[in-house]
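When reading the values below, keep in mind they use all heavy atoms of this one structure, side chains included, and skip hydrogens, waters and symmetry mates.
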Amino acid sequence: MKEEELYLLITRYLSKQTSAEENEQLMDWMAADKKNGQVFEEVKRIWLGAQRIADPGSIHALSKLRSRIAAEDNTYVQAPPRHVQLYRLAAAAAILVVAIATWRIFYFRQSSHQVAYLKEATLSGQKKKITLADGTKVILGPESSLSYPASFDKDSRTVTVEGEAYFEVSKAPHLPFIVQTPVLTVQVLGTHFNINARDNQPLSSVALLEGAVKVKLKEKINEEYLLKPGQELSVDHNTHQVYQHALDSTAVLGWQNNVLKFKNEQFGSAANRIEKMYGVKIIFKDQAAANTRLYATFRDQSLSDVMEMICTSGVLAYHQEGDTIYVNLKNEKTK
């Protein structure tokens, strides 16, 4: 085993990062020769000393130690191999200790300057407007959350969304804007787009109104999709199938102005948007009611108007108890 590899193995053992096989290898090496145990103890002594290092003065002292050991190494050129090996390994240990101390000081200094992260969240029926540090404007949809740094670093602008949000990204060609979701990663430079991504729904989608975005699937890290204005991308959470199609701006962005648009959509699927917009819970008394197809547009109408219009076909009936709406086929009794 090379001297550098041996030293690395010892230090990894002392920091409890070795495997059972590596531990056995180290024990065999120590048992093979008494001087190996002495080398181990010398490295251990220096390593443990490193755990107490926390200031530049200590680093300077170790640098001096390294120079002294190097000089002594030259002095013992004619000495038995035991001394040469011991001092060389000790010198290597001292060098790494200096590196460890330098990293720790850098780490603690960096930690003291870490940027604070903020989080905004909304309830059912609630929307929120947020302006980020770079001037990017965000409209957060109902039952959604946005996590973002109080200030962006010099390399990128990264935020995390759970739910639905509309972005008007401030242009910065050399500073990519990245949105992380449970399923998708969206990267832009300056654009207007809508994102809808929740763990508890069957699809995640990105709709582009202006500019360009690059979308990556976390389940397919080698695949990426470029969207042009007027396009929407949807991902099926179960099959990971990707669909690209023309954007229906009213259907996608209607939530911002309390507009609901259903195009031959099953009531069971549409119910989720009604619940979030009006802060209610819809319960279907039978599957047939949930499977009923809806084709309608509602523009800033009350919940009662929306439900009455849905039931005008004569097929469905509903009644409301507090924040819960019960829906059933009209020829069956309500709750």
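Going from atom CG of D305 over to atom CZ of R299 covers 15.0 Å, rounded to the nearest 0.5 Å. Atom OG of S144 sits about 4.0 Å away from atom CZ of R198, to the nearest 0.5 Å. Going from atom CE of M277 over to atom CG of L260 covers 4.0 Å, rounded to the nearest 0.5 Å. Residue T292 holds its OG1 atom at 9.5 Å from CD of Q287, rounded to the nearest 0.5 Å. Taken from CG in L303 to CZ in F298, the straight-line distance is 10.5 Å, to the nearest 0.5 Å. Taken from CG in L146 to CD1 in I195, the straight-line distance is 10.5 Å, to the nearest 0.5 Å.
Ring orientation note: the planes of F284 and F267 are nearly perpendicular, at an angle over 60° on the 30°/60° scale. Using cut-offs of 30° and 60° on the angle between ring planes, the pair H192 and Y166 is perpendicular.
Counting only distance, with no hydrogens or angles, the side chain of T136 and the backbone of S170 share a donor-acceptor pair below 3.5 Å. At least one donor-acceptor pair under 3.5 Å links the side chain of T122 to the backbone N or O of G141. Within the 3.5 Å criterion, the main-chain N or O of E275 finds no donor-acceptor partner in the side chain of N272.
Follow the hydrophobic side-chain contacts under 4.5 Å out from I274 and you never reach L123; the two are in separate clusters. Both F177 and I130 are assigned to one and the same hydrophobic cluster, defined by single-linkage of ILVMFWY side chains at heavy-atom distances under 4.5 Å. Follow the hydrophobic side-chain contacts under 4.5 Å out from Y148 and you never reach I178; the two are in separate clusters. Using a 4.5 Å cut-off between side-chain heavy atoms of Ile, Leu, Val, Met, Phe, Trp and Tyr, with links allowed through other members, V306 and M309 fall into the same hydrophobic cluster. L253 and V259 end up in different hydrophobic clusters when Ile, Leu, Val, Met, Phe, Trp and Tyr side chains are linked at under 4.5 Å.
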Please evaluate residues Y318 and Q320 with respect to the criterion side-chain hydrogen bond (donor to acceptor under 3.5 Å, both in side chains), reporting the C-alpha separation (whole Å), side-chain torsions for both, the decisive distance (0.1 Å), and the verdict. CA-CA 7 Å; Y318 84 97; Q320 184 171 355; 5.8 Å; no
Start with the C-alpha distance between V206 and Y225, add both sets of side-chain angles, then the distance that settles side chain to side chain contact (heavy atoms under 4.5 Å, CB included), and finish with yes or no. CA-CA 11 Å; V206 179; Y225 302 84; over 6 Å; no
Is there a side chain to side chain contact (heavy atoms under 4.5 Å, CB included) between L247 and Q231 once you walk through the steps? CA-CA 5 Å; L247 164 67; Q231 290 185 328; 5.9 Å; no
Stepwise side chain to side chain contact (heavy atoms under 4.5 Å, CB included) test for I139 and K129: CA-CA 5 Å; I139 303 177; K129 293 183 178 180; 4.3 Å; yes
Might you work through the side chain to side chain contact (heavy atoms under 4.5 Å, CB included) test for V242 and L233, ending with a clear yes or no? CA-CA 7 Å; V242 177; L233 179 145; 3.7 Å; yes
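You'll find the side chain of R293 reaches within 4.5 Å of the side chain of Q266, heavy atoms only. Within the 4.5 Å cutoff, the side chain of S156 has no heavy atoms near those of the Q187 side chain. At least one side-chain heavy atom of L227 sits under 4.5 Å from a side-chain heavy atom of Q244. The shortest side-chain heavy-atom distance between V252 and F193 does not fall under the 4.5 Å cut-off. Counting only heavy atoms from C-beta outward, the side chains of S147 and K119 approach each other to under 4.5 Å. Proximity of R273 to W255: side-chain heavy atoms (C-beta onward) are nowhere separated by under 4.5 Å. Within the 4.5 Å cutoff, no side-chain heavy atoms of E120 are placed close to those of V138. Looking at L184 and L217, their side chains come closer than 4.5 Å, going by heavy atoms from C-beta outward.
Each of D248, T297, T250 was checked for a side-chain hydrogen bond (donor to acceptor under 3.5 Å, both in side chains) with K261, and the lone residue meeting it is D248.
Summarising the geometry of A288 relative to L329, their closest heavy-atom pair is CB-CD1, 3.5 Å, with the distance given to 0.1 Å. Shown here for G279 and S124, the closest heavy-atom pair between the two residues is CA-CB, 3.3 Å. Of all heavy-atom pairs between P182 and E162, the closest is CG-OE1, 3.0 Å. Here the closest heavy-atom approach between residue Q126 and residue A121 is recorded as OE1-O, 4.5 Å. Closest approach of L294 and A270 over heavy atoms only: CD1-CB, 4.0 Å. In this structure, D236 and T239 approach most closely via the heavy-atom pair OD1-N, 3.1 Å.
No side-chain donor from either of Y243 and E232 sits under 3.5 Å from a side-chain acceptor of the other.
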